[in-house]
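Written below as structure tokens is the structure these notes are about.
Whatever order the structure lists ligands and atoms in, that order sets their numbers, starting from 1.
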Amino acid sequence: MNTVCLTFDFDALSVWLGGYANVTPSMLSRGEFGARVGVPRILDLLATYDLPATFFVPGHTADSFPEAVQAIVAAGHEVAHHGYGHEDPSTQTEEEEHASLHRGLEALERLTGTRPIGYRSPSWDYSQSTLRLLVEHGFLYDSSLMADDFRPYHPRLGDRVSKDEPLQRGPEAPIWEFPVYWALDDWPHFAFNFDPLRVGLSAPSKVLEIWQGELDYLRGKAPGGVLTVTMHPQIIGRAHRLAMLEQFIQYALDCGDVQFRRMGDVARELGS
Ligand code: ZN
């Protein structure tokens, strides 16, 4: 059986607050769209096909839109860690990163009653400390790196890397990496921005072709693999894109050998 993990980064306002110097009301309203419109539409779609999913939720979103996050939990989906204020760990000191990790954990535990077992870096990037901090805090899996595509793997701690000597490999970390990829993320395809300019606004047919192409290869050449798709309620929640997601779901279901699973369930089954 092949696996698709539908993952939704429920950034809401935090992606703007955490990544842009001059945050304006219109930017924030795009984030609010994710909570007001995107999440309810996504939950409806998932319920229609009885599919489980994983939502990576910054603590700032949990504290700002608790009803939306509770609706996600009530529908049986997984809630995982996505920083507090959508900070980029690679730009934080270890002290700051530790504080974001803790504040995010506290916010999710307070709201959902469950400690998340999964983490996704808000920037899909690490500092030198990130992986060690995730191990120390008992996370079972991460989904931020790109060293594979369809096979979860163990990322390494303490690699020594310089351009003057070959890679010196560190030991494998005891957590599972579910690799991501920009073409399997709705944001670069669709998100438009004036400053800095980001074109986005792709036709959904192009994105559907890419996602189906990845799934076709997995089924033919990497059977038993895991395809991770990353989406954002404020992006995929737009009507024409949600119609594309439904087409992708129908395509995968029609294959007859594809199951949809929460990332945490796959990680638990993989063991150590
Ligand atoms: Zn995010």
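For a distance bound of 2.8 Å, the N, O or S atoms of D11 include one lying that close to the Zn ion (ligand 1). Among the backbone and side-chain atoms of H232, none of the N, O or S atoms lies under 2.8 Å from the Zn ion (ligand 1).
Here the two rings, on W187 and W182, have centers that are 6.0 Å apart or farther. In this structure, H137 has its ring center under 6.0 Å from that of H98. For F190 and F192, the ring centers are positioned 6.0 Å apart or more.
H77 places no side-chain N or O within 3.5 Å of a backbone atom of T54 that could act as its donor or acceptor partner.
Within H82, the N, O or S atom lying nearest to the Zn ion (ligand 1) carries the name NE2. The N, O or S atom of H86 lying closest to the Zn ion (ligand 1) is NE2.
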